[in-house]
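Read through the structure below, which is laid out as structure tokens, and then see the notes.
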Amino acid sequence: MLDRKHFRKDSQPVVRWIDQYLKEIHRYPVKSQVKPGNIKNQIPLKMPEKGEDISTILRDFENVILPGITHWQHPNFHAYFNANNSTESILAEMITAALGSQCMIWETSPAAAELEERMMDWFKHALGLPAQWEGVIQDTASTATLCALLTAREVSTGWTANEDGVPNNLRVYCSTETHSSIEKAVAIAGIGRKNVVKVATDTQHRMDPKALEKAVRMDLSAGKKPIAVVATLGSTGLMAIDSLEDIGPVCRKYGLWLHVDAAYAGSALILPEFKWMLDGVSQADSFVFNPHKWLFTNFDCSAYYIKNPGYLIRTFEILPEYLKTGTRGQVNDYRDWGIQLGRRFRALKLWFVLRSYGLSGLRETLRHHIKLSQEFVKWIESNQHLELIAKPVLNYSCFRYNPAGKELPPDTLNRLNQELIRKINASGEAFLSHTRVDDKFVIRVLIGQTYVEEKDVTTLIQLISRMLETMEIE
Ligand SMILES: *Cc1c(COP(=O)(O)O)cnc(C)c1O
């Protein structure tokens, strides 16, 4: 066991290791290359009887654990959506761990509750969300969306579902491009997965508001009870931006809760040139975006906003004797604003990041990423063997290999692209992920790691070029 008196000395090797790691991150394969079981088989089945030396533990961390890490902070991490950190957020997390606060109610750390309230206000103004909305930090967008649907369920059943159980005729609408977390939330909320209605999309992959209204009317005439619509700003597959201006009126007309999932693209709302995505947002009831994706605040940190926090609290409030306090009503007790009782102090890392970057620093970094992505798109367009798929949005693009003059059948093209991405990811030089568009296997590229530079985009371009040369067509 470590003696707490020697913290300064004991922490030095760790701090040195972090510094070295971040400096030399290019040395590591972006995507871990281990096979299933490789790591587990090196870890003893039982915990040690006698305590071990911290230097031994650190050595094993490097030798056993590190090979099984995919390096999300590598500038050539272009898969899924980024989960960025920054020096600021690493430092704040160290302090958060040192404080070790459990921030369930105001009294268990007043500063945590009040800083959280202010950080949510800062974002509300920076993004341009309606002034009367209030925010709360959740762990993930999945949890925030579950909170939204549970609240919608309570409001629409006249606050009876929590008490009596869930009626089996409730319906929730989203588009065919919607994230899987919506279906999962509907299932967990007891509404039933079969009551998710996937509405068709238009040519820009946005939810078609006419198809939405038609689906709602059909359900009403069949005795179902439509309760909520989930719109997406920045879908996972193709970065589609649903029109809140078009969907909002349908929700108002039929009294449906409108939840906006802006998990990824919401960060770009700090840029005036993307504020158009919010047109019509005043008709929404709730909204979520993830600073842990593209705002340099390490996982997890998701910002959830709600037009009427009273509804949220009424859905989740539970008051056992041991949690009754004299400050109730004067302060925010965030345990009533979500699912779990215990809460981490997540506002501190936001405070560090937002103050150190400032709004202008955040804007500059996002614009830099968008510019790098546009350069990458130019290269794709200039390569006759590559086909740009869907419109590039923000720092996202999507392409596939389609060798010029070959007219290959769809299945062959899909197989070739699977092979191409496998080779790219096996190289360890970059990590890309894929999606399917109209049955085409396509490769997604996000250029958005906190410290990504022009030279990293050059590395990516050279890597793809090299792998294209190794592709064998039959
Ligand atoms: C990332 C993402 C999610 C899921 O986010 P978590 O915070 O991991 O739950 C949901 N919806 C969209 C559109 C996303 O991009």
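What you see is a predicted model, and the numbers here were worked out from it, not measured in a lab. Atoms within each ligand, like the ligands themselves, are counted from 1 in listed order.
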### Query
Are the aromatic rings of Phe441 and His434 close, with centres under 6.0 Å apart?
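Judged by ring-centre distance (under 6.0 Å), Phe441 and His434 do meet the cut-off.
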Would you check the N or O atoms of [X], main chain and side chain alike, for any that come under 3.5 Å of an N or O of ligand 1?
{"X": "Ser235", "result": "no"}
{"X": "Thr232", "result": "no"}
{"X": "Ser181", "result": "no"}
{"X": "Ala141", "result": "yes"}

For [atom], what is the closest protein heavy atom, and at what distance to 0.1 Å?
{"atom": "atom 9 (O) of ligand 1", "answer": "Ser142 OG, 2.5 Å"}
{"atom": "atom 11 (N) of ligand 1", "answer": "Asp261 OD2, 2.6 Å"}
{"atom": "atom 14 (C) of ligand 1", "answer": "Lys293 NZ, 2.9 Å"}
{"atom": "atom 4 (C) of ligand 1", "answer": "His179 CE1, 3.5 Å"}

### Task
Go through the steps for Phe376 and Gln374 under the test side chain to side chain contact (heavy atoms under 4.5 Å, CB included), then give the verdict.
CA-CA 5 Å; Phe376 177 73; Gln374 286 165 347; over 6 Å; no
### Message
Check whether Trp337 forms a cation-pi arrangement with Arg335 (NZ or CZ under 6.0 Å from the six-membered ring centre, at most 45° off the ring normal).
### Response
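No, a cation-pi geometry is absent between Arg335 and Trp337.
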### Task
Find out whether the Lys NZ or Arg CZ of Arg444 is both under 6.0 angstrom from the six-membered ring centre of Phe81 and within 45° of the ring's axis.
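Here Arg444 passes the 6.0 Å and 45° test against Phe81.
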#### Entry: side chain to side chain donor-acceptor pair (under 3.5 Å) involving Glu62 - partner list, sequence neighbours excluded
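Listed in chain order: Trp17.
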#### Entry: Set of residues satisfying side chain to side chain donor-acceptor pair (under 3.5 Å) with respect to Tyr334, sequence neighbours excluded
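Counting only residues at least two positions away or on another chain, Tyr334 forms a side chain to side chain donor-acceptor pair (under 3.5 Å) with Asn332.
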### Message
Just so I know, are the side chains of Tyr401 and Ile464 near enough to count as touching, which here means a heavy-atom distance under 4.5 Å?
### Response
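Tyr401 does not reach Ile464 side chain to side chain.
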For [X], counting its heavy atoms only, list the atoms of ligand 1 lying under 4.0 Å from any of them.
{"X": "Thr140", "result": "6 (P), 7 (O), 9 (O)"}
{"X": "Ala263", "result": "2 (C), 3 (C), 10 (C), 11 (N), 12 (C), 14 (C), 15 (O)"}
{"X": "Gly234", "result": "13 (C)"}
{"X": "His292", "result": "7 (O)"}

### Query
Side chains of His259 and Asp261: do they bring a donor and an acceptor to under 3.5 Å?
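No - no donor-acceptor pair under 3.5 Å links their side chains.
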### Query
Does Arg367 pair with Glu364 as a salt bridge, N-O distance under 4.0 Å?
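So Arg367 does not pair with Glu364 through a salt bridge.
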### Query
Can you find a non-hydrogen atom of Ser302 under 4.0 Å from ligand 1?
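Under 4.0 Å: no for Ser302.
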### Message
For Asn290, which part has a heavy atom under 4.0 Å from ligand 1: side chain, backbone, both, or neither?
### Response
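Side chain only; the backbone of Asn290 stays clear of ligand 1.
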